[in-house]
Structures are given as C-alpha cells and as structure tokens.
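Letters A, B, ... mirror the listed sequences (proteins, then strands); counts begin at 1.
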Amino acid sequence: MSSTRRQYPFHLIEPKWQAAWDATQTFRAWNPGETLPADHPFVQRHGLAGRTPSAAELPPKYYVLDMFPYPSGAGLHVGHPEGYTATDILARYHRAKGFNVLHPMGWDAFGLPAEQYAVKTGQHPRKTTEANIATFKRQIKSLGFSYDWSRELATTDPEYFRWTQWIFLQLYNSWFNPETNKAEPFSTLKYPAELHPPHPALSSIGGEGGRRPGEGEVSDADLEARRRDYRDSKRLAYVSEAPVNWCPELGTVLANEEVIDGKSEVGGFPVVRRPMRQWMLRITAYAEKLLNDLDTIDWSDSLKEMQRNWIGRSEGAEVDFAIADCRLPIADLKIRVFTTRPDTLFGATYMVLAPEHRLVDEITTEEQWQAVEDYREHTTRKSDLERTELAKEKTGVFTGAYAINPVNGERIPIWIADYVLISYGTGAIMAVPAHDTRDFEFATQFSLPIVQVVQPPDPKTDWRGFVDDGTAMNSTGPEISITGLPTPEAKQKIAAWLEAKGLGKKTINYKLRDWLFSRQRYWGEPFPIVWRKGWHTPNSLNLADYYEFHEALPDEELPVVPPQLDDYKPTPEGLPPLARAMEWTKVSEGVYRETNTMPQWAGSCWYYLRYLDARNAESFVSKSAETYWMGSAVAANVSPRQTEASHALTRTAPRPGVDLYVGGTEHAVLHLLYARFWHKVLYDLGHVSTPEPFFKLVNQGLILGEDGQKMSKSRGNVINPDDILKEYGADAFRLYEMFMGPLEMVKPWNTKGVEGVYRFLGRVWRLFVDEKSEVEFEQAETTTEAAERGELLDLIRLSPAVKRAPATSAQLKTLHACIKKVTEDLDGLRFNTAISTMMVFVNEAMAWETKPVSVLREFLILLQPFAPHLAEELGAKLDSAFAVGRSSLAYAPWPQFDPALLVESTLEIPVQVNGKLRDKIVVPADISPAELEQAALAAPKVQPFLAGKTVKKVIVVSRKLVNVAVG
RNA sequence: GCCGGUGUGGUGAAAUGGCAGACACAAGGGACUUAAAAUCCCUUGGCCAGUGAUGGCCGUGUGGGUUCGAGUCCCACCACCGGCACCA
C-alpha cells in the first residue's frame, strides 16, 4: 500500500459503476428482430421502446473487435489492455455518436498449456481452462470495459465448436471450381468421362454421401470408389501423405507458419520433416484472392506487405529439359523447372534437383549411385534447423546424368542439392550461376562454368552475380535469339517461343502452401470424420480387397466432444491421445473416428461471426444478424431515420465487415490469413455476405518493461495490472495506457507516468467537488464497515463554484476547442493527444471562479470514453444536483463543436525574415493580406533586419505568417 | 540479403511544408505545514552576452537537394526495432 494520499475515492467509485452497468446490461447490443425493453438506455436514446426494429430501423452498426485472448494461467499482462482500452474508448465514443455498437469478448481457450498441465497432473484441461477464464474475466471486468457479456463465447464450449466442426464440413464438402473461381458444393463437380456411371441410378448419389452400393455389384463399387477418390482429391479439406513438420518435443505436427528457423513457434523445440498422413486445407486455391483483396481493406502497409510476402506470388515460366543419353526406355523423360528468368536460359550451365525429387532414382548413374544415396540419406536426417543453420555452405552431388538445354542443345550436368526445395515450384531448377546468387555460390564451390548472359545497365557493374534487369547477351541459338533485348522484352520473347515449341509455358507460383490442419492433441476440436475400414470379401487375405476411406459425420451428430481420458499422453504406439479412448473411437464394426484434432487456429477463424448471434442453436449465425453487423443489410436501404438518429452520423453506408479489429502483430500471417481464408470459403458458399472479414485493422504496439526490454518473467520486468489498479484505479490505468504514445508504436512502461494521469484525474475530481465534504467523507470512511462504504460517496457534494450559470465566451471557447480536438483525435485513433487536450481544458477550468454546469457536463461526455467510472460518478452528482441528464452518461449524445465560438477577433502572426522568426504581431482577424504585409514590415523587431537591405519578396500566408525575403 | 517501421530535450512524447518541444514524467526553486505526504505557484533544449527585463547563435540520426520557409518533401547513407529469408 502506498503512503501517498488517494487522489479521489476510485476504490469505491469503480466497483459501484461496474455493478451498475452489469445490473442494467448497459452495454448489451441489440440485434435486428429483437424486441427492445423500454428501460434500456440505448432504447431510450433512440426512441425504440417496445419496438422490434429491423436492420433498417436500427441505428447504423459499429462493430469494434479485440483479438480474443488465450486465457493463460499467468493472467493478464499490461499488453492485453492496451488494445482493449483503445477499442473500448472507440466503442463508447460511437455509442455517444448514436451508433449501435457491437463490442464483444471471448476466449481462445483450446491450447497446449492446459493440455501439458493435464499430462502432468491428470487434471482435465477443461477445469484448468475454466479457472483461467475466470481469472481473465475478473481482471478484464475490473478495467470497466463496455463489453456485451451476453455474447461471451469460448472456443472450448461444445455449443461453439459444434459450429467449428460444421464449418470444417463445409470445407470438406466443397471443391474449388477454377472456372467460376470459387468454392462450390460437390453437386457442381464434373467427373472425367471414365468415371461417368454406366446407369443413371448411381449418378444420383452425386457429390456426397459416400454410401457404398450393396455387396456383389463389384464394378459399381469400384466405380464409386474411384469417383470417391476423385472427389477426395478435390476437397478443400483433404488427406495428404506428404512430409510434415514433426516436433518430437511437443509430440505433434505443426503448420509451416508455426515453424520459425526450424524450431517450433511455441517453445522453440527442434522440428524435423517426416511423412505422415494428415488433414490439409486447400488455402492455396485462394492465394490469388487473398492477395488481390488486400487492396479492398484498410490495413497498414506493413501488415499487407507481410501477407503479400507470405503468399509470395511470383510470375515466371516452366521449362522442360530433356535428359541426355537416357538409359531408361521411358520416352519423353523430362525435367521440368520453374524460373522467373527465362531470359537467362542461355546461361544455364547445370541443373539441380531437390534431393527428394522423384526423378533422382531414375537418372542417377551407377557410378554416382552411392554418393547420391549417401547425400539423400544425409539431408533427410537433417532437421530443418540444421538445414537453415548450415546454409552458409552449399552442398550437393552430381547424379552422373545430363540434360539438354532446349535453346542451344548443350549438355549440362544434373546435380542434386538441398538448396533446391522439393516443395516450391517443380522441385527442380536450371542453374544460371552468372545471374543468381545461390547458383553462383554453388558453381563457385563445385567449379561449374559461369556464363554471362545479361549485361548490367552500368558497364562498371560486375556481371558475376548480377541479378537485376539489364540487356540480354550471348543469347543466340539455332532457332531463337534474344541478344540485345532488355530483360522484360527478352522474357516475353523467349516465353512465347517456348510456348510455341511446346517446351514450356508461363506459370505463376506461390510460396503459400496448403494448411496442415491436424494435430496429435487432446485439447482441440475433434474432426467430425469417421474412417471406414474393411474387406470387400470377408476373410480375404488379398490386400487389394482392403479399403479405408473417410466420411463426414452428419450434422445431427455434432458436436463431436472429446472423450474422457485418464491419461492425456499419446499412446505408446505414437497415436494421438484420442486413440486411447477405444470405445469412443470405435463407432461400429469397421467404422472408427478420426483421432487427430484441429489446431488452435480453428476456433479463432470465425469467432467474430459467432459474436453476431452467439446463442443461436439453429445455425452458426442468422442471416439477419450477419447482414446487419457485417454491413451488407443497411447499405441496400438507407432509412431516413438514420440521418435523424444522430446529426453526428455522416457516413452513408456501413463498412463491410468488422469496422475495426485491434490486436498484436504476432497474428499478422497466421490467424489473419486463416480467418480470411475461411471467410472467403463461407462467402463463396453463401453463408456470409462480405468477401473480407475485417475492414480496418490496427496493430497495437508492444509495451516494453521499464528497462526498455521486452517484458518477461526471466527479466523480472513484468508489470501486473492488478498492482497498478490497486494503487491508481482502472481509470488511471486506462488513461495511462493511451497516454504513453501512439497506439501502434512500441513504448516502454513507466509507472511514474501513471501517476501523472492519476493526478490529472484528481484534478478533474477537484474541479467538481467541495473540499470540505471530501474531508467529512474521509473521516466517515475510517469508521465505516467496508460493506457500507459505497454509500458514503453520497457525502461528497459538488463545489459551490459549480453553478447553473451562463458560460462566458472564453469558457465556451475553451470547451469547444476541446470538443473539436478530442473528436478529431478519436476519429484518427490519436488517443494520446486527445488526453492532453483534456488536460489543457482542466488546467484552464481549474482557474474559473464559476463553473457552469452545462460546460462541465459536456466535458464529462468527452471524458467518459477514457475514464468512464469517474465521469459517470461526477455526471451522477451533476444530475442529482441540477437534473441535467439521464443517470448514465454511456448513451449521452456526443457534443458538437460550434466553429463560430472558436473564431478569434485578433490573431498573433509570426513574422520571419529569411525564414527566421523575428517578431510576432497582433492584428485584427479580418485584416487583408496587403495590410498584414504592411504591419509586418513595420514591426519593431523586424525593422533592424531590414535596415540597409532590399526587400526582394514578401510571403504572406493569410491568417498564419509573414516571411520577408531580403538580400 | 530483401521488405516494413522508427530516429526530436534528462525521459514518454507533440507539431495540414509556416512560431520545434504541446501535454506529461523527472529535476530544481518557492508557498502551505511543527514536520511529512498531498496540493498550489515558478524554472527547466544547448551555448553565449547582459545586474536585469531581454537579446543573439546553434539545435529534430548523418550528408546533400527542392523551397521565401523543411522535423515534415526528394536523393544517398548510418543506427535501432519488427517481419521474411536458399521460394529459383
């Protein structure tokens, strides 16, 4: 406990108002179609008592969203409330401006820590999770945020994840149609001719169902199995056998995005590549849309850039190289490469295949066989970490085979090397050492020839390793020449030639890979999938008779809830923990549940949609709620009452999607890319009405410790919000989080700074209250039981200086300057300068002998979004003494500033001579430019600088400044 | 290496191309007090001159440029932070 005197009784005020807001559900947001109770402040403000308004009859929506937290055992740290405070201020500001504000909160509650704790202690992760949620909720509520808690959700709630599973099935049951460029149900899938059913009965089975024809119809069964395979190969959620990132320490696979420098993002454990059967989501089908639609949303450039880089679109060409002296009787054995620089084809002096490339086996010569085998063995054993760390030196071996360069017929050696990645492009490259840094290093290392084919624009530039555009040279073959052409034209010409000859074609490649979507975990959403196993012929020993395929569970069986377990570890055979629940796993003879679970990202991919209609048992969100809150409903029919509702509403159409989404940069590529992908699939399938989920997105900057270092337990510089709240209160805490600096900047915490804003709130308090009554209050407090202390606040009276009196013009000017600046700053998310503006107001108002109620009340409305508890308390005092407004400020209309009140009768104009300030002159506001010039030249302190010089030019900026240029 | 961001007092920071440092913190001085806390008032970018009011010069990472005028725009560079990184 601090020895300093409390600035004002926040310890009583804050709980009082938090309880009051809870009791009246002050911040409950109303959906179209709900019947509105007469006594709710929103309903009263908008005159909707007892009505059941449609979307068009409700005020325009404002959806302001925080990235929901993972409720860890450690509780909140000061970084969390930074974004939450910013969004809360905006939520309150927009309520005051007359919007229907949706401001929800929930829990991203699946995750590893609760599961690891379960492995150690046997405590069910749900218990751990619930306890953590309770802590987070208590802490968040103590900050006085205006969330609509009636929409609270947790991703671990079966009533929530039944819809996560349902959305997974939407992906499972659709395919991406390249002709319409969107996801479609399987009913639109056209099968290849050989899979057409011989009789119409079978075709009615159509896209889905997976029902097998009866025994005995072997050919139909085979056909249906092949049709099923074809469908399975097209699904947006599909099973793949490809190498995955396996983290032995975590006992699970990870998505590419979760692997950083060969280590797991969570925990930093080594990751190795290992082939496993896994669920994948076909996000690559959406690469182009995910890229292009970035142009339609209001995100920061850096964030968009990160997504663009992650998607990694690159235009180039695929080129086929024939194998020379092919030993194998395979006609047309070719190596296909991807290159962004087809213009350098004449400089290709060797080729490289990824070690995993399937042609390696077929082309390697006998003499090289052992070396190649050893090298491949060596690379597969290396973890990604080693592969990255040892990247300084290039390695590789010659296969003994040669390819023919299609442009000049030259024989070039084929190597394998792990600097070529199997997963990008075609897994093979043509190496142009003169004009590619990596090829250059490799060629130098192994003494391979380096041939210049691009002339740099500046002849002084070394051509070795020159990778930029220039002019093609040494590029003439028997059939094609591009010598002398600038790079872009050279690319065009050679690509056209390759295409005409059937040797290659223009191609676009993406770095983005499909999303590895399954995890070997307990604490995640189970897949709503079963596997069918069996033999076509009972007791057959013929493997060809064995079948195994996956099938969706029907919607009625959702949610699929994880089974009870005693032990949360993987099985000794390395199967996921769910496989321990034998009874749960076995649905019926030959029908078994999928035992993988979904990654943590699944639940966060769509939670912003569930908030719109969080208790809907019939669907994941109702159409009417979705179109209203995502902004597509009202746009069609803008009602006249919208303009009537509030003069402050100037927007014509609502924003498509979430109006503002605030969260940390750590989700720049993971969560934000995945959520956009799911949203686009739902959009294609007609379940949502906007192509993008988050219209405007802002990343709050990291808050560092007092030592300027990242906060961490090991550094011992972690600030616990509970401690700050205890000493300074929630309002001071909120204010400080915003006063530190611009929202998006990285900034160090400084508890002394909290004291500064705390003192400001104390000055606001003293601006209103009578000091004598405060002394009485403090004395009474020491002798009163804790339970009754809240009522003591009534002992505090307003200062006698607060009067129902007309405001002077100076007071109005001070107030309206403040209204103007705070409004503009809030619109621009400049919370720090808005607060300093209010400080200026208070510093001036402290000196007023008479404090007009009307002025003070308008100021409280400005303060309310920032320091809601204090503002409400003082507002209530004004109300009971002067009957000036409703009991809650939360829906009091935002004040409008009157420009007429800000007009100055005189201006102080700085006068410069040659750009240096020399004097300031006071002139009438309506002075003409010519008169201003005369006055400036005559200014006493300007005169000496003009003596003996000629005035060459006088710049007069009306109402602003005069600058005299002399020589 | 590539992409993005940021460099302003002792500190956090502010400034539609037009008075650099608003608002705070810290520091120093004063008032009140038996004393302290709290509160209130004053000073506070650097250097120089003056007893003084005051005046002058310098000053927004570095070097150039555009402009009557640059923290702000352009070019080159340096440092720090974040992201990506053998993606052909």
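Nucleotides U72(B) and G65(B) are separated by 15 Å at their C1' atoms, to the nearest Å.
Asn717(A) places a side-chain N or O within 3.5 Å of a backbone atom of Ser712(A) that can act as its donor or acceptor partner. With Thr284(A) contributing its side chain and Arg513(A) its backbone, the two residues share no donor-acceptor pair below 3.5 Å. The backbone N or O of Gly470(A) lies less than 3.5 Å from a partner atom in the side chain of Thr487(A), making a donor-acceptor pair. Although no hydrogens or angles enter the test, the distance criterion places no donor-acceptor pair under 3.5 Å between the side chain of Thr344(A) and the main chain of Gly347(A). Formation of a donor-acceptor pair under 3.5 Å by the Arg715(A) side chain with backbone atoms of Lys710(A) is found in this model. A donor-acceptor contact shorter than 3.5 Å links the side chain of Asn245(A) to the backbone of Leu254(A). Judged purely by atom type and a 3.5 angstrom limit, Glu744(A) has no side-chain atom pairing as donor or acceptor with the backbone of Gln700(A).
Distances were taken from every side-chain heavy atom of Gln7(A) (C-beta onward) to each of G55(B), A88(B), U39(B); the shortest belongs to U39(B).
In this structure, Ser302(A) reaches the sugar-phosphate backbone alone: every heavy-atom distance under 4.0 Å involves primed, P, OP1 or OP2 atoms, never a base. Residue-level contact check: Ser314(A) touches the backbone only, with heavy atoms under 4.0 Å from sugar-phosphate atoms and none from bases. Using a 4.0 Å heavy-atom criterion, one finds that Arg763(A) contacts the sugar-phosphate atoms exclusively. At a threshold of 4.0 angstrom between heavy atoms, the contacts of Glu744(A) with the nucleic acid are absent. Residue Gly425(A) is classed as having no contact, given no heavy-atom separation below 4.0 Å to the nucleic acid. Looking at heavy-atom distances under 4.0 Å, Thr665(A) makes no contact with the nucleic acid at all.
Projected onto RNA chain B by closest heavy-atom contact, Met306(A) and Met839(A) fall at different nucleotides, the more 5' of which corresponds to Met839(A). Heavy-atom distances to RNA chain B give each of Glu305(A) and Arg766(A) a nearest nucleotide, and the one nearer the 5′ end belongs to Glu305(A).
Every residue was checked against the side chain to side chain donor-acceptor pair (under 3.5 Å) condition with Arg959(A), not counting sequence neighbours, and none meets it. In this structure Phe446(A) satisfies the ring pair (Phe, Tyr, Trp, His ring centres under 6.0 Å) test together with Trp415(A), Phe442(A), sequence neighbours excluded. Take His816(A) and apply the ring pair (Phe, Tyr, Trp, His ring centres under 6.0 Å) test, not counting sequence neighbours, and it matches no residue. For Tyr350(A), the side chain to side chain donor-acceptor pair (under 3.5 Å) partners at least two apart in sequence or on another chain are Tyr419(A). Partners of Thr833(A) according to the side chain to side chain donor-acceptor pair (under 3.5 Å) rule, which considers only residues two or more places apart in sequence or in another chain, are Asp825(A). Considering only residues two or more places apart in sequence or on other chains, Phe859(A) meets the ring pair (Phe, Tyr, Trp, His ring centres under 6.0 Å) condition with Phe841(A). Residues meeting the side chain to side chain donor-acceptor pair (under 3.5 Å) test with Trp848(A), sequence neighbours left out: none.
The side chain of Gln307(A) contributes no N or O atom lying less than 4.0 Å from OP1 or OP2 of G83(B). For Arg918(A), no side-chain nitrogen or oxygen approaches OP1 or OP2 of G55(B) to under 4.0 Å. Side-chain nitrogen and oxygen atoms of Tyr424(A) include at least one within less than 4.0 Å of the OP1 or OP2 phosphate oxygen of A88(B). Applying the 4.0 Å criterion to OP1 and OP2 of C58(B), one finds that Lys916(A) has a side-chain N or O inside that range. Proximity of Asn843(A) to the phosphate of A22(B): no side-chain N or O atom is located under 4.0 Å from OP1 or OP2.
For Met430(A) and A88(B), the CE to P distance is 12 Å, given to the nearest whole Å. As a whole-Å value, the separation of Tyr758(A) OH from C23(B) P is 23 Å. One interatomic measurement links the two molecules: CG of Leu421(A) to C1' of A88(B), which rounds to 9 Å at whole-angstrom precision. Spacing between atom CD1 of Ile311(A) and atom P of G83(B) amounts to 19 Å, rounded to whole angstrom units. Atom CD of Glu774(A) and atom P of A38(B) are 16 Å apart (whole Å). Summarising the geometry, the separation between CD on Gln445(A) and C1' on C86(B) is reported as 13 Å, rounded to the nearest angstrom. Here the C1' atom of nucleotide A24(B) and the CZ atom of Phe831(A) are 19 Å apart, to the nearest Å. Spacing between atom CD of Glu778(A) and atom P of A38(B) amounts to 14 Å, rounded to whole angstrom units.
For the pair Arg308(A) and Trp299(A), the cation-pi criterion (under 6.0 Å, within 45° of the ring axis) is not fulfilled.
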Nucleotides 41-49 of chain B: which of its N/O atoms have a protein N/O under 3.5 Å away?
none

Can you give me the N/O atom pairs linking the protein to nucleotides 8-19 of chain B at distances under 3.5 Å, or say none if there are none?
unit_1 : atom_1 : unit_2    : atom_2 : d
G12(B) : O2'    : Met740(A) : O      : 2.6
A14(B) : OP1    : Asn832(A) : ND2    : 2.9
G18(B) : N2     : Asn963(A) : ND2    : 3.3
C19(B) : O2     : Lys920(A) : NZ     : 2.5

Which protein N or O atoms sit under 3.5 Å from an N or O of nucleotides 26-28 of chain B?
unit_1 : atom_1 : unit_2    : atom_2 : d
A26(B) : OP2    : Arg759(A) : NH2    : 3.3

Under 3.5 Å, which protein N or O atoms sit close to an N or O of nucleotides 31-36 of chain B? Give each pair with its distance.
none

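In this structure G9(B) sits in the syn conformation; its chi angle is within 90° of 0.
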Could you write out RNA chain B as dot-bracket? Rules: Watson-Crick or G-U wobble, both distances under 3.5 Å, brackets [ ] for crossings, | for pairs with another strand, dot for unpaired. (((((((..(((.....[....))).(((((.......))))).(((((....)))))..(((((..]....))))))))))))....
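No hydrogens or angles were tested; on distance alone, nothing pairs the side chain of Lys952(A) with the base of C68(B) as donor and acceptor under 3.5 Å.
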